Amino acid sequence: MSNKSRRILFTLLSLTLLIAMALPGLATAQDPTQITFWHAMSGSRGEVVQAIVDSFNEANPDVNLVAEFTGSYAETLTKALTAYSAGEAPNIVQVYEVGTRTMLDSGAIVPVMEVSGGELDQSQFVEPILNYYAIDDELRCMPFNSSTAMLYYNKDMFEAAGLDPEVPPATFSELYEMGQQIIETGVAPNVISFGWPAWILEQMYAMHDQMLANEDNGRGGLATETYWNSEFGVQVLTEWQKWAQDDILFYGGREYSANDPFIASEFAMLVQSTSSLGGIQRAVEFDLGTAFLPTLDGYERNGNNVVGGGCLWTMAGKQDAEYDAVWRFFQHLSSVEQDIFWHKGTGYFPATNAAVDALEAEGWFEENPNFRTAFDQILAGNDTIAARGVLLGDFVIIRDVVGAAIEDAVVNGVDPQQALDVATEESNQILEDYASLIE
Amino acid sequence: MNTVFPNRILPYLLLAPSVILVLVFFIYPAAQSVELSLYRVNRVRDVQVYVGLENFERLFHSDSYINSLTVSAKFTVAVVVAALTISLALAVGASLPIRGFGVYRTLLIWTYALSPAIAGVIWALLTDPAIGVLTDLLKAIGVNFNWRQSPDDALIFLVMAATWKILGYDILFFLAGLKNIPHDVLEAAALDGANSWTRFWRMVLPLLRPTLLFLLIMNTLYASFETFGLIDITTQGGPGRATNLLIYELYQDGFKSSSRIGLASAQSLVLLAIVATLTFIQYRFISRRTFYQ
């Protein structure tokens with residue numbers, strides 16, 4: 001080999017080496033930041049989430065957000081916390097309202113205000129939503145899917161039973177009387193069913209301005225005592241038991257299983273999350289009406305309906321670039337366009353005031369009065385501590401305890417006072433266990 | 001007869017994969033359970049407080065746990081008896097030399113391929129209190145079946161689904177057991193004038209004892225440990241606590257709360273002790289009267 005060709009070879013080799021050395025740098029500069037988002041939205045809700053995620057990724061080519069359905073709310077919460085202990089937490093996790101206290105005390109999260117570097121404008125959110133997730137007036141997670149419970153009813157069946165389809169029951173006793181008429185006229189063998197019965201009981205406490213736990217409903221500190229067996233609670237459950245014994249209440253399970261028979265006109269009314277509205281409205285063949293939850297006789301609607309649904313929590317222990325990407329996703333999520341898309345696709349509340357205004361302006365609520373009901377309802381009462389809803393440690397399992405108590409009374413015929421005494425005792429024990437490991 | 005391996009290390013190497021699997025996935029977690037059962041733990045915050053035997057004491061003073069024990073006992077007995085009886089009858093039927101028995105056998109084993117959760121979904125749909133096909137059929141003959149509104153129906157429902165799911169497994173083993181019974185013995189008995197009923201009770205059943213013993217133990221294990229998915233997807237322990245089996249109670253304390261993993265560990269040890277005792281009793285009781293060929 002001649003000197004010349006040697007020199008050429010050497011130059012080529014050096015060049016190759018240089019390029020090779022530069023490559024990893026180039027690669028990192030162009031590789032999008034990977035962030036993960038675990039959620040509990042299945043079915044049509046999951047598709048809407050994915051559409052929002054896709055639009056975010058499209059608008060932000062330097063970020064790759066991967067959304068993953070990780071099972072029910074309870075499963076998603078458990079998985080995220082377990083993954084955190086193992087150092088494999090997602091960046092964002094959707095946690096239902098029940099998990100709020102657990103997330104706050106977990107030490108596994110970064111408050112959303114910190115994620116935003118103080119840029120988050122809290123006043124953009126609809127007030128009752130802000131009130132639920134703000135602790136000491138500061139939002140800890142990004143409000144996402146908020147809902148409350150309302151009454152759905154089948155106007156055709158009301159008409160068939162000789163009832164005015166435009167006048168749904170406003171109180172428990174009206175509901176009972178209308179129910180009897182529906183049964184007596186042979187329109188349906190049962191009248192009403194509930195989704196999430198334990199949550200409905202919580203709703204009852206909030207909208208009648210009744211406290212559910214000490215320490216300012218768990219908002220002033222760790223609650224250690226619950227009031228499930230208060231006079232009010234026992235009264236509500238006694239009514240429900242009476243409805244069940246008189247065939248008015250058809251017990252429909254702890255989550256969404258009552259929706260299908262309602263859609264199939266097996267009974268005339270359903271108390272369910274407002275987030276089911278989209279799905280129910282698309283599926284029914286009858287004239288669908290919605291109304292506020294009926295009040296217990298002798299009490300007034302003093303409080304708001306408590307906000308349920310989910311909030312997006314940011315997990316701790318990640319890179320700065322990832323937090324930046326998370327914050328950009330949160331901004332995307334709360335943009336008017338995405339917020340409206342989310343609301344129309346699912347029935348969950350629009351989270352921001354700007355989205356509500358835009359929906360008003362385009363006449364959406366006028367065309368879709370059922371979407372308005374839910375919204376009016378959370379604004380109908382006064383903002384009180386009781387109405388903001390209770391926060392409990394390990395609320396996930398407490399809700400099961402209360403769910404079992406409701407079933408014991410409604411289905412198994414156990415005395416409501418006794419069922420709620422048991423639930424209260426067990427809840428307090430759970431809170432004691434929880435508190436003993438926090439302080 | 002002793003097989004002599006020329007290489008002294010090879011046998012250990014061959015054993016290693018299974019030994020490692022057992023150590024990592026069974027022995028290590030079990031040892032951890034023993035440790036955890038003595039503590040009160042918050043698994044997220046990594047806080048641990050030693051409480052001695054408090055977790056066990058609490059269990060036996062808890063009405064809800066005692067209820068789970070009773071419900072589990074009823075459930076396990078019902079599933080084991082129903083599954084063994086039905087599968088034996090079906091296996092005997094399927095072992096007869098009838099036309100197309102190969103197809104029958106394959107179909108009968110099918111349920112084994114499903115997970116308990118899937119079995120739950122199928123049965124929940126079939127017997128849905130409002131829209132289930134089977135519910136409508138039952139209503140037509142005057143039976144009101146609603147597992148959401150009746151604690152008894154709920155337990156019956158779970159027993160049905162759980163039994164149905166294990167049938168395939170039991171039939172598979174019964175068929176194998178039946179095949180091993182020497183034909184000439186039965187033929188001789190038939191010639192001696194024993195009718196088919198006598199042949200079944202006096203010869204087939206005693207000869208099947210090893211299989212029966214094995215399945216008895218396996219079905220007990222199945223009913224105690226593997227029915228979690230089925231419950232979680234259908235009754236979730238309800239109505240009330242009517243179907244809150246031990247395994248489900250354990251799951252709720254262990255996974256749905258952040259501070260009760262110690263209590264859940266204690267439950268898993270108690271459950272292990274119960275099942276181990278049952279297995280031991282079954283083994284002693286039946287093997288004494290089992291004659292292997």
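Note that the coordinates shown come from a computational prediction; the quantities given were computed from them, not determined experimentally. Residue numbering restarts at 1 for every chain, and letters A, B, ... go by the order of the sequence lines.
Side-chain contact between Leu269(B) and Val34(B): present, with at least one pair of heavy atoms (C-beta onward) separated by less than 4.5 Å. Using a 4.5 Å heavy-atom threshold, the side chains of Asn412(A) and Pro239(B) count as touching.
Within the 4.5 angstrom heavy-atom criterion, atoms from both the backbone and the side chain of Gln429(A) approach chain B. Only the side chain of Glu255(A) comes within contact range of chain B, with at least one heavy atom under 4.5 Å from a heavy atom of that chain. Neither the backbone nor the side chain of Leu77(A) comes within contact range of chain B, judged by heavy atoms closer than 4.5 Å. With a threshold of 4.5 angstrom between heavy atoms, Asp260(A) approaches chain B through side-chain atoms but not through N, CA, C or O. There is no contact between Phe395(A) and chain B, counting heavy-atom distances below 4.5 Å. If you measure heavy-atom distances from Asp408(A) to chain B, the contacts under 4.5 Å come from both the backbone and the side chain. Contacts of Ala74(A) with chain B are made by side-chain atoms alone, with heavy-atom separations under 4.5 Å and no backbone atom involved.
Contact count against chain B (heavy-atom pairs under 4.5 Å) is highest for Ser106(A) among Ser106(A), Gly99(A), Ser72(A), Gly107(A). Contacts with chain B were tallied for Thr102(A), Ile398(A), Asp433(A); Asp433(A) has the most, counting heavy-atom pairs under 4.5 Å. Among Arg40(B), Gln252(B), Gln48(B), the residue with the largest count of heavy-atom pairs under 4.5 Å with chain A is Arg40(B).
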* To do: Go through the steps to decide whether Glu202(A) and Arg399(A) satisfy the test salt bridge (charged side-chain N to carboxylate O under 4.0 Å, His left out), and finish with yes or no.
  => CA-CA 10 Å; Glu202(A) 292 159 31; Arg399(A) 190 174 267 177; 2.9 Å; yes

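A ring-centre distance under 6.0 Å is not found for Tyr153(A) and Phe267(A). The aromatic ring centres of Trp199(A) and Phe194(A) sit 6.0 Å or more apart. Trp196(A) has its ring centre less than 6.0 Å from the ring centre of Tyr256(A).
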